[in-house]
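Have a look at the structure below, then the notes.
Only heavy atoms go into these numbers, but all of them, side chains included; no hydrogens, no water, no symmetry mates.
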Amino acid sequence: MFFLTLLTIGIFLRFYRLEEFMTFLGDQGRDAIIIKRIITFENFPALGPVSSVGQVFLGPFFYYLMAPFLALFKFNPVGLAFGSAFFSIIGTIFIYFILKKNNKKTADIFLVLNIFSWGLIHNARFSWNPNLLPYFSFFTLYFTSLFFEKNPIFPFFMGMFFSFSTQLHYLALLLAPSLILFFLINYRKILKAPFFFIKKISFFLIGFLIFYLPLILFDLKNQFLNTKNFIKIFNEQQIFKSASLDQKFQETVSNFFNFAFNYNINYFLSLMAFIFLFFYFLKKNFFYKNSLFQIIFLSFFVFILGFSFLNSFRHYHYYNTVYLNFFVILAIFLTDIFSINFLTKILVIIFLILFINQNRLNYPFRHPEGNFQTRIAQKIAQSIINNNPKTPYQIVPIPFTEMDGHIRYYLEIMGKRPLPEESSQEGEELYVLCYEKECDVLNHPQWQIAAFKNKKIAKIWKVDRIKIYKVVHEK
């Protein structure tokens with residue numbers, strides 16, 4: 001009854017007013033276009049989304065995973081958000097029963113933390129490649145914990161989920177040191193049956209490489225372009241430099257706890273919590289006996305330390321690899337506290353109530369009015385179509401930091417596909433989307449605008465907060 005009640009609440013929090021508040025901007029529109037072309041058999045990409053640093057491409061797994069949902073909703077992008085919410089619920093159910101095998105109370109407390117976490121709710125309510133990473137990284141660790149079992153399918157699944165995780169976001173590669181440490185800690189099992197270990201590692205590599213194959217083939221075909229760009233990140237962008245390790249560690253720890261609890265916790269308290277949990281779990285007997293909790297423990301602390309070496313922003317989604325791992329660790333600790341006496345039971349319940357209350361403050365649907373980003377994008381696209389654009393035509397946003405993928409998506413499904421964003425072909429017309437108060441369209445240096453010859457403004461109109469300029473060739 002407890003599980004079903006919480007699951008029902010979790011479904012409600014992830015699906016309630018979904019279309020009103022889902023994010024559908026440039027990145028989501030770009031993905032929707034690619035997924036739509038998969039469904040219509042126009043193109044089957046070997047590459048996934050490009051990283052925000054270094055122009056490194058992820059794998060295409062995310063596109064194929066979400067394609068059935070866009071098809072199910074007949075190309076309405078809310079289908080993609082539905083798919084994200086669906087997988088988050090399915091992942092939660094499986095993780096709950098995995099934890100329940102070890103300790104029901106731990107599973108129950110974890111379920112509370114998972115169901116009400118603002119961050120996991122936020123991830124579930126729109127489609128973006130990092131949003132499903134918490135679940136895929138967890139299952140990577142789960143099948144790692146089963147590595148030494150007799151069934152060879154477990155290492156295969158370990159490799160498969162590790163491949164999926166790294167295709168969702170490259171920070172999932174920080175799971176690798178945890179996997180290596182796990183094997184080093186369990187070296188006796190390896191020495192007892194070395195050929196058995198080699199066989200299992202082979203299954204792991206097969207599972208990883210099969211699902212990473214499209215990206216590997218792309219690299220082989222293009223002189224290892226993606227690999228070279230990945231190396232450039234480290235060589236040219238000083239990803240390990242330009243800030244002290246101490247400073248980065250402070251940012252990493254503080255930001256993580258702030259995100260996890262939706263509360264501004266200072267560095268000292270964050271550090272004390274980090275150190276306390278580290279030594280608390282290091283002393284627990286199950287750390288040496290329970291493979292699942294062992295790898296979860298390793299992954300969380302190794303990730304935080306590993307991320308501290310990277311010279312990068314500390315955005316919320318950069319921690320997606322370890323949110324669920326942390327909630328498992330916290331649930332184990334609270335289970336121990338709960339079992340001491342009646343007073344500690346009350347304290348744990350109070351903590352969970354405070355956690356729920358603090359997280360609810362960040363639920364998007366608490367606002368009386370939704371942002372309806374899909375409707376706005378559709379409205380902008382329709383306004384362009386109403387102006388009878390001569391094909392081929394191009395659209396471009398100002399400033400260049402803005403994106404137009406969400407508008408391009410609606411233009412495409414409405415049958416008026418513009419030229420590709422990167423196309424050098426000069427269109428018959430140019431539609432400039434001005435996100436600023438004023439835009440000097442005729443003299444703007446952006447290359448699509450500058451390359452448009454003998455231009456004049458034929459019409460100006462406004463949709464929502466965007467001013468749209470129809471630019472044509474002056475005859």
Side-chain angles (χ1 to χ4, degrees), residues 23-45 47-52 55 57 63 70 75-77 80 373-475:
T23 300
F24 189 69
L25 298 173
D27 284 343
Q28 289 72 45
R30 173 206 63 196
D31 293 344
I33 290 171
I34 295 170
I35 295 169
K36 176 255 180 186
R37 292 175 186 175
I38 292 173
I39 297 168
T40 56
F41 301 101
E42 181 180 343
N43 184 45
F44 297 96
L47 297 177
V50 66
S51 66
S52 57
Q55 293 296 300
F57 286 95
Y63 295 146
L70 190 61
F75 300 110
N76 185 337
L80 298 174
Q373 290 180 350
T374 53
R375 293 187 188 178
I376 294 170
Q378 186 176 17
K379 190 176 178 181
I380 293 169
Q382 186 62 61
S383 77
I384 293 174
I385 291 173
N386 290 344
N387 279 273
N388 300 313
K390 292 182 181 178
T391 56
Y393 74 100
Q394 183 63 280
I395 69 170
V396 59
I398 297 176
F400 73 93
T401 51
E402 294 289 345
M403 300 180 69
D404 56 11
H406 50 318
I407 298 164
R408 286 176 174 272
Y409 176 72
Y410 276 107
L411 288 169
E412 181 159 329
I413 64 173
M414 290 175 179
K416 280 289 185 179
R417 182 189 299 190
L419 289 167
E421 181 182 359
E422 68 281 1
S423 174
S424 59
Q425 181 181 349
E426 187 177 19
E428 291 292 324
E429 295 177 351
L430 178 66
Y431 290 82
V432 180
L433 311 175
C434 176
Y435 288 83
E436 299 175 333
K437 287 184 178 180
E438 296 294 334
C439 293
D440 185 5
V441 171
L442 297 181
N443 299 301
H444 201 279
Q446 196 152 326
W447 71 269
Q448 293 101 327
I449 300 173
F452 196 83
K453 299 171 185 175
N454 302 320
K455 50 184 171 286
K456 72 173 183 177
I457 297 172
K459 189 176 179 181
I460 304 173
W461 70 97
K462 197 170 184 181
V463 178
D464 195 54
R465 290 170 292 178
I466 299 175
K467 190 181 291 185
I468 304 171
Y469 296 77
K470 179 178 180 177
V471 183
V472 298
H473 295 289
E474 189 169 16
K475 295 181 181 179

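Although no hydrogens or angles enter the test, the distance criterion places a donor-acceptor pair under 3.5 Å between the side chain of Q28 and the main chain of L25. For Q382 (side chain) and Y410 (main-chain N/O), no donor-acceptor pair under 3.5 Å exists by modelled atom type. Q394 places no side-chain N or O within 3.5 Å of a backbone atom of Q448 that could act as its donor or acceptor partner. Between the side chain of E429 and the backbone N or O of K390, at least one donor-acceptor pair lies under 3.5 Å. Between the side chain of H473 and the main chain of G427, a donor-acceptor pair closer than 3.5 Å is present.
Counting non-hydrogen atoms of neighbouring residues, nucleotides and ligands closer than 6.0 angstrom, the CZ atom of F400 reaches no more than 12 such neighbours. Around NZ of K379, the count of heavy atoms belonging to other residues, nucleotides or ligands within 6.0 Å does not exceed 12.
In this structure, CD in Q378 is found 10.0 Å from OH in Y409, a value given to the nearest 0.5 Å. How far CD1 of I34 is from CG of L70: 12.0 Å, rounded to the nearest 0.5 Å. Between the NE2 atom of H444 and the NZ atom of K455 there is a distance of 11.0 Å, given to the nearest 0.5 Å. Put simply, CD on E428 and CZ on F452 are 7.5 Å apart, with the number rounded to the nearest 0.5 Å. The distance from the CG atom of D31 to the CD1 atom of I33 is 9.5 Å, given to the nearest 0.5 Å. A distance of 3.5 Å separates CD1 in I380 from CD1 in I466, rounded to the nearest 0.5 Å.
Closest approach of W461 to K470, counting heavy atoms only: CZ3-CB, 3.9 Å. Taking both residues in full, the closest heavy atoms of L419 and R408 are given as O-NH1, 2.7 Å, listed atom of the first, atom of the second, then distance. The nearest pair of heavy atoms linking Q446 to P399 is OE1-C, 4.2 Å. Heavy atoms only, all atoms of each residue included: S424 and W447 are closest at CA-CZ3, 4.2 Å. In plain terms, the two heavy atoms of I395 and I384 that are nearest each other are CG2-CD1, 4.4 Å. In terms of heavy atoms, P418 sits closest to L411 at CD-CB, 4.0 Å.
Within the 4.5 Å cutoff, the side chain of V441 has heavy atoms near those of the V471 side chain. Looking at heavy atoms from C-beta onward, H406 lies out of side-chain contact with Q373 at the 4.5 angstrom threshold. The shortest distance between side-chain heavy atoms of R37 and P45 does not fall below 4.5 Å.
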| Going through the checks in order, is the side chain to side chain contact (heavy atoms under 4.5 Å, CB included) test met by C439 and V432? | CA-CA 9 Å; C439 293; V432 180; 5.7 Å; no

| message | Go through it in stages, so that I can follow the logic: the residues are K456 and V472, the test is side chain to side chain contact (heavy atoms under 4.5 Å, CB included), and I'd like the CA-CA distance, side-chain angles, deciding distance and then a yes or no. | response | CA-CA 6 Å; K456 72 173 183 177; V472 298; 3.8 Å; yes

| field | Worked check of side chain to side chain contact (heavy atoms under 4.5 Å, CB included) between E402 and I398 | value | CA-CA 7 Å; E402 294 289 345; I398 297 176; over 6 Å; no

| query | Would F75 and T40 satisfy side chain to side chain contact (heavy atoms under 4.5 Å, CB included), going step by step from the backbone distance to the final call? | reply | CA-CA 10 Å; F75 300 110; T40 56; 3.9 Å; yes

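Y431 and Y393 have perpendicular rings, their planes meeting at more than 60° on a 0 to 90° scale where under 30° would count as parallel.
Ion pairing between a basic and an acidic side chain is recognised when a charged N comes within 4.0 Å of a carboxylate O; R417 and E42 show such pairing.
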